[in-house]
Amino acid sequence: MNYWLMKSEPFKYSWEQLLKDKKTSWDGVRNFQAANNLRAMEKGDRAFFYHSNEGKEIVGIVEIVKTAYLDPSDETGKFVMVDVKPVEAVKNSVTLAQIKSQKSLQNMALLKQSRLSVSPVTKAEWAYICKLAA
DNA sequence: GCCAACGTTGGC
DNA sequence: GCCAACGTTGGC
């Protein structure tokens, strides 16, 4: 099982919206690196749902329910999307400031490549953040 | 195939 | 709203 972090601007697509929808297609990715991460996802993988811009915090956990397939909103036919469903909200949202202040989280892709909207999370990072969120 | 110009993302 | 970082595009 692999772990990921997926960013969304809350006013574009929020955690609350996902809870209402029960499931969503993660479309609109137009970055090759992010798309490669989407392709690497397997059914059952977990991902943190992160609110960028507004909030800047991890608010929930999602599960990949469908692996990468062509994003119909992409006219070039190069980019893919996956389907995700909410697993649970985190008890305490983990803010970017918190992540930055943790020594063991300094190497997170989230910090190193702040513009990458879909990034991998190591097992250790996942466990650490889950502890912060509990 | 290099690199300048440009566009976008996202933190502050 | 600004600006830094960085990915992408297009001319050469």
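- Here NZ of Lys131(A) is found 10.0 Å from CD of Gln102(A). Values are rounded to the nearest 0.5 Å.
- Atom-to-atom, CZ of Arg115(A) to P of dG7(B) comes out at 13 Å; the value is rounded to the nearest Å.
- Following rounding to the nearest Å, Ile99(A) (CD1) and dC12(B) (P) show an atom-to-atom distance of 12 Å.
- A pairwise comparison of heavy atoms in Val118(A) and Asn37(A) identifies O-ND2, 2.6 Å as the closest pair.
- When each of Ile99(A), Val94(A), Thr122(A), Leu105(A) is paired with Tyr128(A), the side-chain contact (heavy atoms from CB on, under 4.5 Å) condition holds for Leu105(A) and for no other.
- Close to dG11(B), at under 4.0 Å from its OP1 or OP2, lies a side-chain N or O of Tyr50(A).
- The CD atom of Gln113(A) sits 6 Å away from the P atom of dG7(C) (whole-angstrom rounding).
- The separation between Glu9(A) atom CD and dT9(B) atom C1' is 8 Å, rounded to whole Å.
- What separates CG of Leu110(A) from P of dC6(C) is a distance of 13 Å, to the nearest Å.
- Dashed line: the shortest gap from a side-chain N or O of Lys100(A) to OP1 or OP2 of dC12(B) is under 4.0 Å.
- Applying the ring pair (Phe, Tyr, Trp, His ring centres under 6.0 Å) criterion to Phe79(A), with sequence neighbours excluded, gives Phe32(A).
- The aromatic rings of Phe49(A) and Tyr13(A) lie tilted to each other, with the angle between the two planes from 30° to 60°.
- Atom NZ in Lys12(A) sits roughly 6 Å away from atom P in dT9(B) (whole-Å rounding).
- Straight-line distance from the CG atom of Asn53(A) to the C1' atom of dG1(C): 12 Å, rounded to whole Å.
- Separation of atoms CD (Glu42(A)) and CG (Asn2(A)) is listed at 6.0 Å; rounding is to 0.5 Å.
- Remark: Lys7(A) is not in phosphate contact with dT9(B), judged by side-chain N or O atoms under 4.0 Å from OP1 or OP2.
- With respect to the salt-bridge test (charged N to carboxylate O, under 4.0 angstrom), the residues Asp71(A) and Lys78(A) do not qualify.
- Between His51(A) atom NE2 and dT9(B) atom C1' the separation is 17 Å, expressed in whole Å.
- Non-hydrogen atoms lying under 4.0 Å from DNA chain B are contributed by nothing in residues 25-37 of chain A.
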